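A quick note: this is a predicted structure, and the numbers were derived from the prediction, not measured. Below, read A as the first sequence line, B as the second, and so on, with proteins coming before strands; counting in each chain starts at 1.
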Amino acid sequence: MPVITIDDRQIEVAPGDTVMDAAHRAGIYIPHFCYHKKLSIAASCRMCLVEVEKVPKPLPACATPATDGMVVRTHSDKAVTAQKGVMEFLLINHPLDCPICDQGGECMLQDIAVGYGGIASRYAEPKRVVKEKDLGPLVATDMTRCIHCSRCVRFGQEIAGIMELGMPGRGEHTEVMPFLESQVTSELSGNVIDLCPVGALTSKPFRYSARPWELSRRKSVSPHDGLGSNLAVHVKDGKVFRFLPLENEAVNECWLADRDRYSYQALNSEERVTRPMVRQGSDWVEVDWQKALAQAAGALKVIHDTHGGEAIGFLASPHQTLEELYLTRQLAGALGCENIDTRLDVADFSADGKLAGIPWLGMPVADLDKLDRVLLVGSSVRKEQPLIAQRLRQAVKRGARLNVVHAADDDLLCRVANKLIAKPSAWVNALAQIANALRESGKDVGAVASDVSGVAVSDAARRVAESLVSGERKAVFLGGLASQHPNAAQLHSLAQAIAQATGAALGFLVSAANQVGAALAGCRPGANGRNAQRMLAEPRKAYVLLGVEPTLDHEPAAQAESALESAELVVLLTAFKVKAMDYAHVVLPIAPFTETAGAFVNMEGRLQAFNGVVPPQGEARPAWKVLRVLGNQLQLSDFDYDSAESVRKAALPEGEDGIAARLDNGICALPVTHLQAGDGVERLGETPIYQLDPLVRRAPALQATQVAADAAVCWANGALIQRLGLSVDRPVRVVQDSGESVLKLGRDDRLPEDVVRVAACHRLTTRLGERFGALRLEKM
Amino acid sequence: MSLLSPSIKVCSWTQEHDNPASLETYVANGGYEALKKILAEKTPAEQIVEQVKISALRGRGGAGFPTGLKWSFMPRNFQGDKYIVCNTDEGEPGTFKDRDIIEFNPHQLIEGMVIAGYTLGAKAGYNYIHGEIFELYESWERALGEARRAGYLGKNILGSDWDFDLHAFHGYGAYICGEETALLESIEGKKGQPRFKPPFPASYGLYGKPTTINNTETLASIPWIMRHGGQAFLELGKPNNGGAKLFSVSGHVNKPGNYEIALGTPFGELLEMAGGVRDGHKLKAVIPGGSSAPVLPADIMMDCTLDFDSIAKAGSMLGSGAVIVMDETVCMVRALERLAYFYFEESCGQCTPCREGTGWMYRVIHRIENGQGRPGDLDLLMDVGTNIAGRTICALGDAAVGPVHSFIKHFRKEFEYHIEHKKCLVGG
Ligand SMILES: Cc1cc2nc3c(=O)[nH]c(=O)nc-3n(C[C@H](O)[C@H](O)[C@H](O)COP(=O)(O)O)c2cc1C
Ligand code: SF4
Ligand code: SF4
Ligand code: FES
């Protein structure tokens with residue numbers, strides 16, 4: 001290996017390393033602004049100038065290849081003179097308004113100026129002033145502070161996949177700005193705040209609320225999508241002030257999706273419930289914990305004693321912790337109840353009992369960027385899994401071929417090799433085509449061979465098959481929409497056949513932070529139990545709801561609503577005021593993830609434990625404690641846990657090591673019957689990115705985004721709009737089953753003519769039916 | 001005169017003919033003969049590069065880099081596309097020679113580019129033409145059409161089974177787009193700002209492919225070299241400074257214009273050709289190689305011969321060969337203010353020292369010129385310049401500093417007078 005010398009230390013370097021890489025490895029700090037390990041090299045700020053022996057001029061460490069025998073000095077007179085010269089230039093037009101700048105205290109310019117800046121400025125001319133830009137509700141600007149490092153611009157081009165910020169103008173007139181006054185709408189936009197070394201880009205919701213040095217940093221794990229991004233939670237006086245990414249190369253790298261970054265706002269929302277309450281007639285009365293728990297336990301016991309355990313239904317959220325879900329499971333079991341589930345968004349449970357194990361990603365998250373071939377089935381991946389989409393984008397950049405089966409030809413901000421865009425009821429047929437193409441080319445597609453052999457294969461399907469046959473590292477992924485599909489099990493079965501025939505891994509892009517953990521904790525119906533769907537379709541006498549909002553988490557919402565309405569008892573464990581309170585009898589206020597210890601198991605089976613970062617608000621209590629006391633009240637044995645760790649131990653006796661053996665995406669092949677697509681126009685009902693769970697639903701900044709506003713629009717292809725004589729931007733009546741909603745109509749020609757995109761899990765569409773059912777648009 | 005005779009007029013000879021730009025004129029005087037011979041004899045590329053090396057042809061775009069050496073950097077056995085690019089951005093203040101080549105002798109440039117394309121194994125060539133001379137962009141396109149129809153360009157050139165084509169590309173007038181890597185970015189449709197080097201264009205150039213970039217005059221000299229041999233070209237000039245070169249003489253002379261003379265000619269002779277300093281005035285200073293070149297006082301300049309080495313020895317550079325002549329009426333503060341403003345406005349803004357430093361220097365000089373100078377300003381200017389020079393991505397940073405340092409060095413008294421008396425020493 002080549003060796004270079006930096007500041008008298010010998011460092012081995014790999015081919016392609018720069019001087020900066022080598023210094024990093026040896027722990028030698030070289031001041032820098034434009035350099036960032038995840039971005040391309042700009043070599044423009046010039047802060048990293050160092051002296052290289054035998055070279056007359058100082059060279060930028062970030063861009064200078066480290067070659068064998070090179071002798072570098074980062075602190076020689078020559079290097080420091082150059083660095084100080086650059087620092088002086090950076091400061092002459094910088095406003096130096098640190099006392100009123102939100103970046104103060106965590107500003108690279110401030111920090112480096114301490115070491116390299118002068119005491120007073122030699123610059124006596126007028127300073128530059130730059131007009132402010134409106135980037136939307138998430139990112140605030142103070143463009144006069146910009147030092148033109150271009151990190152934000154490169155982030156858009158290289159990581160987010162969309163260049164929403166550019167740098168028009170020349171010389172001193174160079175300005176960072178969005179394209180034609182538009183706002184920044186990328187689902188990863190908040191990362192530019194972390195990247196910006198100065199206070200030019202800061203967090204709008206966090207603005208002026210606290211100083212970085214007043215905040216303590218605590219570790220946590222994001223409770224939203226199945227990735228489980230690692231968080232640095234900043235707290236002060238028992239209150240959460242913001243979420244920042246905690247770097248973890250194997251999970252979120254150094255990024256956060258906007259959903260993970262801004263959901264903290266909900267923690268301090270007015271909608272928190274912080275006192276136990278019991279219903280008296282149509283009123284809610286605040287009571288102490290003892291009374292509330294006694295009432296809940298007593299009422300559950302009555303139902304159990306009169307109707308048996310099967311009269312109760314336990315619905316829990318897959319965004320709750322492993323410990324909470326495990327105790328819920330124990331409680332149900334002790335009551336002789338096998339009706340327990342966390343899959344409120346699933347419509348087809350026919351795979352239950354036919355699975356080899358717990359559905360998971362099928363590979364480590366970090367391997368996604370190394371894939372050569374991918375088939376993505378039924379996933380609005382940018383919205384479902386913003387950072388997984390980012391990893392796939394990096395894979396495509398490295399040459400991977402991405403194939404897509406979806407109902408919308410959405411822009412994934414990377415090159416898509418082949419796509420089959422068809423309405424949801426045609427997806428089984430689409431996968432059958434791919435399977436049949438493989439069969440025809442001599443591949444063994446196993447048990448589905450005879451079912452698919454009659455399916456006519458389109459050119460696109462054949463190209464997908466060819467693409468998957470080539471390449472080394474490959475995967476077939478079933479997205480959130482595929483899991484929510486009315487024929488999810490057949491899609492699963494076909495995806496397995498395709499994966500096996502091509503040597504690809506099979507994986508699920510698991511939608512919720514702890515869906516894998518829920519399965520590990522046993523939050524699944526027993527052999528005689530009812531799944532989430534049946535629990536609501538066949539109303540129970542009593543429901544215990546943990547962290548769920550059934551009228552938003554389940555489709556059709558009306559079914560959930562009438563089941564709850566008719567119940568004799570609804571016990572609600574919730575952190576927020578929710579619609580279900582209209583039907584509930586006891587409200588037990590629980591702590592959100594920041595106020596309790598717990599763990600999530602992410603889509604790759606990674607167990608990520610965390611502690612509470614602030615005390616619970618008001619009388620709210622960690623749900624694992626609430627459930628434990630409920631168990632005690634019901635005189636259940638083995639319910640004497642004294643910590644979240646002890647619950648975790650009971651839930652996973654073998655700890656993290658035992659998890660991998662339980663993960664398996666295998667399915668006993670099912671008959672493929674849904675080869676015929678339905679007639680007419682169909683709904684594409686996605687859970688909008690900012691409606692995933694109770695927390696994000698209550699984050700005002702996320703709700704103020706254009707993306708959130710777009711989710712409230714009914715989107716249709718221009719040809720359909722014309723055929724039906726409808727007008728864009730006007731209200732349209734959306735009719736499905738017996739319900740209807742009035743929504744604004746938008747035009748999106750990336751949708752096929754027979755697909756209409758109407759969000760599910762949205763307060764404006766709760767009157768409608770299934771996510772993917774037939775649907776009609778009517779003129780108002 | 002013509003290409004047939006080994007005369008001093010390497011690039012400008014067609015101007016002595018009627019219809020100088022026409023294909024007929026060019027062909028009637030020996031044009032395209034060099035190309036024909038190369039294609040007929042399948043001359044090995046190494047031999048051509050060798051002749052260019054012997055000729056001691058040095059880049060006419062400003063840096064004076066030996067062209068043969070530059071050509072030898074192109075990877076010979078690279079699998080994939082390669083490009084040759086001609087730099088007709090000609091943005092350097094004082095320079096107006098390349099436009100004359102396009103206007104009066106386009107076919108010699110075409111022939112030079114085709115020979116370069118053949119030698120370097122390029123798939124195609126681009127000529128990047130300054131955005132503010134649009135008529136020339138159109139006349140260049142006409143010349144390309146003529147050459148294509150005559151079989152000198154396009155598929156199966158002169159029946160040789162070899163394909164090569166040239167394309168015109170026009171910029172929008174940004175000076176920085178004359179810097180070779182900014183020019184490449186601009187052709188690629190991006191914002192014209194220089195790339196960090198390494199990698200150099202010979203390994204990572206246009207669209208990431210090996211690329212050679214040469215100035216218009218450099219490429220237009222190639223047919224002459226191939227016709228008469230590298231040695232003949234070298235002998236036109238002096239050792240290490242082969243050939244003749246176009247000098248754009250402007251400023252206080254009686255007959256400003258382009259003059260093609262042998263490298264090594266004494267400056268006094270060029271001044272004479274240009275009609276001498278305007279009547280009744282005397283020479284004060286000369287910028288010998290375009291606005292980026294340090295200024296030289298009259299006495300030093302009168303001792304120089306016009307070639308790369310002599311001017312470099314005198315502390316300036318031959319640059320693009322733009323000779324800006326100033327007589328005693330010129331206020332050096334005012335002249336420097338104008339130059340500093342140019343670099344301030346033309347900095348691409350990418351790297352910190354140039355973006356911030358050019359504005360700083362301009363503002364200080366502007367103050368001095370306007371009677372607001374302060375003691376210490378000159379040392380500050382020298383220091384700011386030192387902090388820019390050699391620390392930027394491209395040479396525009398150095399170019400901006402050259403005038404500031406040299407004007408203050410040679411004419412410090414005038415600056416001090418301005419600061420002290422709040423008025424001009426020249427003209428009162
Ligand atoms: C700011 C700047 C502007 C330049 N402008 C020009 C130009 O207008 N024309 C040109 O030929 N070279 C220009 N150059 C030099 C080119 O970068 C390059 O060196 C030249 O085109 C190479 O050709 P040559 O070797 O034939 O001289 C410029 C360089 C800089 C730094
Ligand atoms: S806004 Fe911030 S990140 Fe973007 S270029 Fe300016 S200083 Fe860099
Ligand atoms: S030196 Fe000036 S022109 Fe050249 S890259 Fe830097 S800022 Fe741009
Ligand atoms: S960090 Fe190297 S030039 Fe900016």
Side-chain angles (χ1 to χ4, degrees), chain A residues 18 33-35 40-50 55-60 62-65 67 78-79 81-94 109 121-128 146-150 153 157 163 166-176, chain B residues 172-177 181-182 190-199 341-367 372-374 376-377 379-381 383-398 400:
Chain A
T18 61
F33 292 107
C34 66
Y35 168 79
S40 64
I41 302 291
S44 61
C45 77
R46 304 269 127 184
M47 192 63 220
C48 68
L49 291 173
V50 293
V55 182
K57 300 175 185 178
L59 296 179
C62 68
T64 302
T67 53
K78 192 163 156 188
T81 308
Q83 292 157 1
K84 286 190 167 171
V86 171
M87 181 43 85
E88 179 176 40
F89 285 133
L90 283 170
L91 292 177
I92 62 170
N93 273 309
H94 194 74
L109 189 65
S121 177
R122 296 194 289 171
Y123 185 73
E125 322 305 321
K127 287 198 177 214
R128 173 170 66 221
C146 172
I147 59 166
H148 304 93
C149 71
S150 81
V153 176
Q157 289 173 302
M163 191 178 171
M167 268 206 187
R170 216 166 49 201
E172 251 189 42
H173 313 296
T174 307
E175 276 181 43
V176 168
Chain B
Y172 288 85
Y175 171 58
I176 193 59
C177 287
T181 53
K190 301 178 192 151
K191 182 178 177 184
Q193 46 187 35
R195 299 176 182 167
F196 178 79
K197 291 170 270 186
Y341 183 72
F342 175 78
Y343 291 102
F344 164 51
E345 274 298 324
E346 296 294 338
S347 161
C348 86
Q350 193 181 186
C351 57
T352 307
C354 172
R355 177 185 65 246
E356 306 294 343
T358 50
W360 193 356
M361 292 194 302
Y362 163 67
R363 289 193 178 95
V364 173
I365 299 163
H366 179 75
R367 258 201 299 105
Q372 316 269 310
R374 302 182 193 125
D377 273 351
D379 293 341
L380 178 65
L381 278 173
D383 215 34
V384 171
T386 305
N387 281 344
I388 301 173
R391 299 185 192 163
T392 54
I393 290 185
C394 85
L396 189 140
D398 300 289

Query raised in the report: Which residue out of Ala63(A), Pro60(A), Cys34(A) racks up the most heavy-atom pairs below 4.5 Å with chain B?
Result: Ala63(A)

Requested in this report: Tell me, for Glu346(B) versus chain A, whether the close heavy atoms (under 4.5 Å) come from the side chain, the backbone, both or neither.
Outcome: both

Report summary line: Cut-off 4.5 Å, heavy atoms of chain B, and the answer for Thr81(A) is both

**Report entry** Interchain contact, Thr392(B) with chain A, by part (heavy-atom threshold 4.5 Å)
**Finding:** backbone

Query raised in the report: Ion pair present between Arg128(A) and Glu175(A), side-chain N to carboxylate O less than 4.0 angstrom?
Result: no

Query raised in the report: Once the angle between the rings of Phe344(B) and Tyr341(B) is folded into 0 to 90°, is it parallel (under 30°), tilted (30 to 60°) or perpendicular (over 60°)?
Result: perpendicular

Requested in this report: Heavy-atom distances under 4.5 Å only: say whether Leu90(A) touches chain B with side chain, backbone, both or neither.
Outcome: both

Report task. Under 4.5 Å heavy-atom distance to chain B, tell me which part of Met47(A) shows up: side chain, backbone, both or neither. Result -> neither

Query raised in the report: Non-hydrogen atoms of chain B under 4.5 Å away: do they reach the side chain of Leu59(A), the backbone, both or neither?
Result: neither

Query - Heavy-atom proximity to chain A below 4.5 Å, by part of Arg374(B) - result: side chain

Query - Side-chain (His148(A)) to main-chain (Thr174(A)) donor-acceptor, under 3.5 angstrom - result: yes

Requested in this report: Check each atom of Pro65(A) against the heavy atoms of chain B and say whether the ones under 4.5 Å are side chain, backbone, both or neither.
Outcome: side chain

Report task. Could you pull out all residues at least two apart from Ala174(B) that satisfy side chain to side chain contact (heavy atoms under 4.5 Å, CB included)? Result -> Arg170(A), Ile176(B), Cys177(B)

Requested in this report: Verify, without hydrogens or angle tests, whether Lys57(A) (side chain) and Arg391(B) (backbone) share a donor-acceptor contact under 3.5 angstrom.
Outcome: no

**Report entry** salt bridge (Lys or Arg N to Asp or Glu O under 4.0 Å) contacts touching residues 81-93 of chain A (sequence neighbours left out)
**Finding:** Glu88(A)-Arg122(A)

**Report entry** N/O donor-acceptor pair under 3.5 Å between Lys191(B) side chain and Gly169(A) backbone
**Finding:** yes

Query raised in the report: Given the options Glu172(A), Met167(A), His173(A), which has more heavy-atom pairs under 4.5 Å with chain B than any of the others?
Result: Glu172(A)

